[in-house]
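Beneath this line is the structure, given in structure tokens, with notes to follow.
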Amino acid sequence: MTIQATSHSPIVPEAATDRLVHPAWVRITHWLNALAIAIMIGSGWQIYDASPLFSFLYFPRQIALGEWLAGALLWHFAAMWLLMINGIVYVVLGVVTGRFRRKLLPIRPHDVVRDLAAALRGKLSHDDLAVYNAVQRLLYLGVILAGVVIVLSGLSIWKPVQFWWLTDFFGGYNTARYVHFAAMTTIVTFLTVHVLLAIIVPKSLRAMIVGR
Ligand code: HEM
């Protein structure tokens, strides 16, 4: 069937509006990850308060999860399994299906500067949701890396005897705690921008829910 243009109805080919942007495995792992991260961050803040790294910083109980240290640890260790298993599934499928290569690479500094400038002027196009701009690519790859660092540094402070080589790699138990905290800060900063953008461009949120 051919689609005729009229002066009243702009042609939007069906293929462009109804194309699969995010396969089911991306959507399922994405939302499971969002749930796991929310639990990990909330309970992590409660655990932090029991032994703060910085004298000027603590997290109010209202935004922390678990009521007290033991409760928070239970939440943290439960969601840890979800985060790790779900994260491994996402990364393995991302590599094996070629999604990471197709969607997140290449990242050229010149493109990042150009797209960032366009975004700040409100001139970045969101017409084709299937193609990530250079800033998105950098942020998504960055947060995936931050996810790997937060899991590995977490393992190194959870089992510093069994994973002594990992704890060594991070420069010892105390340094690993700072690395863990820095990765959390990176993820929270990413999320602030990420969720804001999802609200500003609701069709991208729809695509991450229904796929198209
Ligand atoms: C309520 C929380 C969240 C919302 C509303 C949200 C929303 C979205 C949306 C709409 C997209 C698609 C972007 C686009 O097509 O332009 C997306 C992709 C993505 N999000 Fe989130 N997200 C949330 C939580 C998270 C968390 C916690 C992480 C990781 C820490 C994360 C990491 C990613 C990544 C890596 C992608 C790219 C996925 C891919 O294409 O393989 N998101 N998110």
Side-chain angles (χ1 to χ4, degrees), residues 16-45 63-65 75-76 78-107 111-112 115-116 118-120 122-155 179-212:
T17 57
D18 207 31
R19 199 171 14 149
L20 183 67
V21 180
H22 302 300
W25 66 265
V26 171
R27 285 174 281 139
I28 293 169
T29 52
H30 177 268
W31 293 118
L32 283 178
N33 179 58
L35 173 70
I37 287 277
I39 298 174
M40 293 302 280
I41 290 173
S43 55
W45 287 348
I63 58 165
L65 178 69
W75 276 110
H76 213 63
M80 169 191 82
W81 293 108
L82 179 61
L83 182 72
M84 270 204 305
I85 295 167
N86 186 61
I88 290 170
V89 170
Y90 172 68
V91 171
V92 168
L93 285 177
V95 173
V96 170
T97 61
R99 182 180 175 87
F100 285 177
R101 189 174 31 77
R102 268 182 287 114
K103 295 257 189 183
L104 304 181
L105 296 174
I107 301 175
D111 294 345
V112 175
D115 289 351
L116 188 62
L120 293 177
K123 294 235 156 58
L124 203 54
S125 164
H126 301 287
D127 289 344
D128 189 354
L129 290 178
V131 180
Y132 290 143
N133 63 58
V135 178
Q136 279 176 305
R137 290 176 188 207
L138 185 69
L139 289 180
Y140 292 156
L141 214 59
V143 81
I144 292 168
L145 200 69
V148 172
V149 171
I150 209 161
V151 167
L152 293 181
S153 57
L155 285 179
V179 173
H180 201 60
F181 187 90
M184 179 279 292
T185 310
T186 305
I187 292 175
V188 171
T189 309
F190 163 85
L191 271 179
T192 311
V193 178
H194 187 59
V195 174
L196 202 71
L197 288 179
I199 294 167
I200 292 174
V201 189
K203 65 179 179 180
S204 72
L205 187 56
R206 182 177 175 274
M208 195 38 108
I209 296 168
V210 297
R212 293 168 197 280

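Just so you know, these numbers use all the heavy atoms, side chains as well, and skip hydrogens, waters and symmetry mates. Indexing begins at 1, ligand by ligand and atom by atom, following the structure's order. Just so it is clear, the model here is predicted, and its values are computed rather than measured. Throughout, numbering of the chain's residues begins at 1 and tracks the sequence.
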Mode of L104 contact toward ligand 1 - side chain, backbone, both, neither (heavy atoms, under 4.0 Å): neither

Residue part near ligand 1, for F190, under 4.0 Å between non-hydrogen atoms: side chain

Shortest protein heavy-atom distance from atom 26 (C) of ligand 1, along with the residue and atom involved: L191 CD2, 3.6 Å

contact_flag H22 ligand 1 heavy-atom lt 4.0 Å: yes

Sub-3.5 Å N/O-N/O distance, W31 and ligand 1: no

Heavy-atom donor-acceptor pair, R99 side chain to L93 backbone, under 3.5 Å: no

Ligand-side contact atoms (ligand 1) for residue partner Y90, heavy atom cut-off under 4.0 Å: 35 (C), 38 (C), 39 (C), 41 (O)

Sub-4.0 Å atoms of ligand 1 with respect to non-hydrogen atoms of L205: 5 (C), 10 (C)

Backbone N/O of I150 and side chain of H180: donor-acceptor pair under 3.5 Å: yes

Close-contact set for ligand 1 against Y132 heavy atoms, below 4.0 Å: 14 (C), 15 (O), 16 (O), 37 (C), 38 (C), 39 (C), 40 (O)

Option whose closest heavy atom lies nearest to atom 16 (O) of ligand 1, chosen from R206, K203, Q136: Q136

Distance in Å, Q136 CD paired with L124 CG, rounded so as to fall on 0.5 Å steps: 7.5 Å

Under 3.5 Å: donor-acceptor pair, side chain of R102, backbone of T97: yes

Pairs under 3.5 angstrom only: tabulate donor-acceptor contacts from the side chains of residues 188-205 to other protein residues two or more places apart or in another chain.
{"from": "T189", "atom 1": "OG1", "to": "T185", "atom 2": "O", "distance (Å)": "2.7"}
{"from": "T192", "atom 1": "OG1", "to": "V188", "atom 2": "O", "distance (Å)": "2.7"}
{"from": "K203", "atom 1": "NZ", "to": "H126", "atom 2": "O", "distance (Å)": "3.0"}
{"from": "S204", "atom 1": "OG", "to": "V201", "atom 2": "O", "distance (Å)": "2.7"}

N/O donor-acceptor pair under 3.5 Å between K103 side chain and A130 backbone: yes

Straight-line distance of H76 NE2 to L65 CG, nearest 0.5 Å: 10.5 Å

Any donor-acceptor N/O pair, R101 side chain to V95 backbone, under 3.5 Å: no

Taking atom 10 (C) of ligand 1 as the reference point, the nearest protein heavy atom with its distance: S204 O, 3.3 Å

Minimum-distance protein heavy atom relative to atom 13 (C) of ligand 1: Y140 OH, 3.2 Å

Contact check, side chains of T186 and V143, non-hydrogen atoms, under 4.5 Å: no

Check: L104 and Y132 side chains under 4.5 Å, non-hydrogen atoms: yes

Heavy-atom donor-acceptor pair, W31 side chain to M208 backbone, under 3.5 Å: yes

Neighbouring protein N, O or S atoms of atom 21 (Fe) of ligand 1 [cut-off: under 2.8 Å, no waters]: H30 NE2, H194 NE2

